[in-house]
Each structure stands twice: as C-alpha cells, then as structure tokens.
Number of protein chains: 2
Amino acid sequence: MPSEDQTIEIAEMFRLMGDATRLRIILACREKPAFVNELAARLGSSQSLISHHLRLLRAARILKAERHGKQVFYSPADEHISSMIADMVHHVGETVAEEADV
Amino acid sequence: MPSEDQTIEIAEMFRLMGDATRLRIILACREKPAFVNELAARLGSSQSLISHHLRLLRAARILKAERHGKQVFYSPADEHISSMIADMVHHVGETVAEEADV
DNA sequence: CAGATATATGAACATATGTTCATATCTCCA
DNA sequence: TGGAGATATGAACATATGTTCATATATCTG
C-alpha cells in the first residue's frame with residue numbers, strides 16, 4: 001500500500017491523464033513528437049488551450065520540452081507513463097471486443 | 001491511436017482513478033475486499049461519501065459488488081485496471097527513490 | 001532596433017465535481 | 001408486521017477545472 005503522500009501523487013498522475021484534451025496531447029506526442037503549433041493543428045484546438053495543458057504535462061514530467069529557435073518541441077518524457085497509457089488503450093480495445101462478442 | 005470514442009472512454013477511466021478518495025477505495029479493496037461500512041471505517045470517511053464513489057467505480061466495472069444479507073461486499077472487478085494501479089504505485093515509488101538518490 | 005512569429009501566461013467565466021446532510025430503499029429478525 | 005441495521009440516493013453547496021480572450025514574453029530576421 002502506498003503512503004498517503006504517494007496516494008495523492010498517484011491520483012494526481014491519473015487525474016492529468018483523465019482529461020480528454022490532455023490525453024489526446026499525450027497520444028499525439030506518443031505517435032509523433034511535435035511543436036506546439038503542430039499539436040494545436042493536429043488536434044484542432046487553440047494554441048492557448050494546448051499550451052495551458054502542455055504546462056501541466058511538462059510539470060508532471062509526462063512530456064518534455066526542447067526549444068528549437070522560436071518553436072518548442074514536445075515529446076514523451078516518461079516512458080513508463082507512456083506505456084501505461086498504451087496499456088489502457090489496449091485494455092479498452094479488448095473490452096469493446098468482448099462486449100461485441102456477447 | 002485509439003478512436004475518438006475510445007479516447008474519451010480511456011480518459012474517463014483515468015479520471016475515475018484520479019481522485020484520491022476513489023483511489024484509496026480501490027487500493028483498499030485491492031488489499032482486502034470489504035463491506036461498505038468496513039471501507040468507510042478503514043478510510044475514515046462517511047458512509048455516504050464512500051457509497052457515492054462506489055457507485056461510480058461499480059458502473060465503470062472497476063469494482064464489483066455482491067450482496068450478503070444486509071451488507072454489500074466490494075472487490076476488484078477488473079484485474080487489468082487493478083494491476084495498472086499497482087504499476088503506478090511501483091512507478092511513483094521508483095521515482096521517489098530516484099530523486100532521493102540525487 | 002522594429003516587426004513578425006511562436007509560445008506562455010493571467011483573468012474571467014461557465015461548468016463539472018467532491019462532499020455533506022437528509023432521507024429513501026433494502027434486508028433481516030423479533 | 002414493525003423496527004433496526006446497512007446501503008443507496010437526491011439536493012444543495014463550495015470549490016476545482018477546462019476553456020476562451022487578451023496580452024506578455026521570447027526568438028529570429030530584415
């Protein structure tokens with residue numbers, strides 16, 4: 001059993017992944033790391049919204065940022081988190097398949 | 001890449017795990033499945049609060065409920081989700097250890 | 001340096017969410 | 001059947017959160 005502090009930290013991690021917009025950003029970076037404007041375009045969201053969320057994901061070390069001139073390049077920072085999301089993707093895919101079988 | 005619907009479903013799963021009270025309930029059931037009143041006592045929360053959260057966890061098939069007379073027994077329903085949480089517990093434990101090393 | 005481009009940030013707002021309190025529902029037993 | 005115990009549920013409330021708009025900051029180029 002995790003400590004109380006760890007429990008809160010774990011919940012915070014899950015909470016960050018628990019918003020569709022943020023999850024899309026993580027998935028997008030997983031598929032192909034990109035600059036902020038590219039992410040905004042790919043996800044069809046405003047630059048401001050993406051940037052606000054990127055800040056949270058960066059602070060939680062889920063994504064990392066590298067500046068290249070005027071642009072900032074975002075990519076997965078935490079492979080463990082990243083593979084956990086992949087695992088959940090797999091899980092949901094399976095669950096849907098099971099339900100379809102019935 | 002998951003579909004839009006799947007993305008929302010995945011986010012919803014993470015969101016459910018992203019609240020400290022709910023996470024504590026899941027962890028408690030993982031450690032030792034129990035009746036509602038036991039869970040409330042172990043977590044030091046009100047029966048009402050626990051029950052509200054149990055409803056969400058049950059609906060998401062993260063926990064399952066079995067009635068035994070007047071009491072209702074809750075235990076993990078989804079082993080995959082359960083092991084994913086265990087994985088996150090491990091992850092946070094490691095991260096803390098790494099930071100301590102520095 | 002001035003302007004343009006890319007990103008970050010702050011304020012404001014509407015909505016979602018967790019918690020509490022009161023009460024309903026269900027189950028057992030005298 | 002009536003009452004007590006265990007759980008579920010609804011309303012109300014305070015707070016947290018996601019989004020937008022406006023604007024600041026940073027970087028490059030002429």
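When reading the values below, keep in mind they use all heavy atoms of this one structure, side chains included, and skip hydrogens, waters and symmetry mates. Protein chains get the first letters and strands the later ones, always in sequence-line order, with residue 1 at the start of each.
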| task | Write down the atom of C29(A), the atom of Y74(A), and the distance for their closest heavy-atom approach. | result | SG-O, 3.8 Å

| task | Grab the two heavy atoms, one from L49(B) and one from T21(B), that are nearest each other, plus how far apart they are. | result | CD2-CG2, 4.2 Å

| Rounded to whole angstrom units, what separation is found between the CZ atom of F73(B) and the C1' atom of dT7(D)? | 16 Å

| query | Same cluster or not: are L39(A) and F73(A) linked, directly or through other Ile, Leu, Val, Met, Phe, Trp or Tyr residues, by side-chain heavy atoms under 4.5 angstrom apart? | reply | no

| With a 4.5 Å limit on heavy-atom distance, are the side chains of L63(A) and I25(A) in contact? | yes

| Would you say L56(A) and I81(A) are hydrophobically clustered, going by side-chain heavy atoms of ILVMFWY under 4.5 Å? | yes

| task | Applying salt bridge (Lys or Arg N to Asp or Glu O under 4.0 Å), name anything that partners R22(B), two or more places apart in sequence or on another chain. | result | none

| Is the F35(B) ring parallel, tilted or perpendicular to the H68(B) ring (thresholds 30°, 60°)? | perpendicular

| said: Can you pull out every salt bridge (Lys or Arg N to Asp or Glu O under 4.0 Å) where at least one residue sits in residues 61-77 of chain A? Sequence neighbours excluded, please. | reply: none

| query | So which of residues 60-70 of chain B are in contact with DNA chain C, with a heavy-atom cut-off of under 4.0 Å? | reply | R67(B), G69(B), K70(B)

| said: Using the rule given for side-chain contact (heavy atoms from CB on, under 4.5 Å), can you reason through V89(A) versus M1(B), listing the C-alpha separation, both sets of side-chain angles and the distance that settles it, and then say yes or no? | reply: CA-CA 8 Å; V89(A) 172; M1(B) 282 280 280; over 6 Å; no

| request: Let me see the working for I10(B) and H91(A) under side-chain contact (heavy atoms from CB on, under 4.5 Å), right down to the final yes or no. | output: CA-CA 9 Å; I10(B) 294 166; H91(A) 174 64; over 6 Å; no

| Which pair of heavy atoms, one from L16(B) and one from A60(B), lies closest together, and at what distance? | CD1-CB, 3.3 Å

| Phosphate OP1/OP2 of dT7(D): any N37(B) side-chain N/O under 4.0 Å | yes

| task | Name the first nucleotide and the last nucleotide along DNA chain C (5' to 3') that come under 4.0 Å of a heavy atom in chain A. | result | dT5(C) to dG10(C)

| message | Within residues 22-35 of chain B, which residues have any heavy atom lying less than 4.0 Å from an atom of DNA chain C? | response | R22(B)

| Sub-3.5 Å donor-acceptor pair from the side chain of R42(B) to the main-chain atoms of A28(B), do we have one? | yes

| Members of residues 41-57 of chain B that approach DNA chain D, where some heavy atom sits under 4.0 Å away | Q47(B), S48(B), S51(B), H52(B), R55(B)

| note | Taking every heavy atom of P76(A) against every heavy atom of R30(A), the minimum-distance pair comes out as CG-CA, 4.0 Å

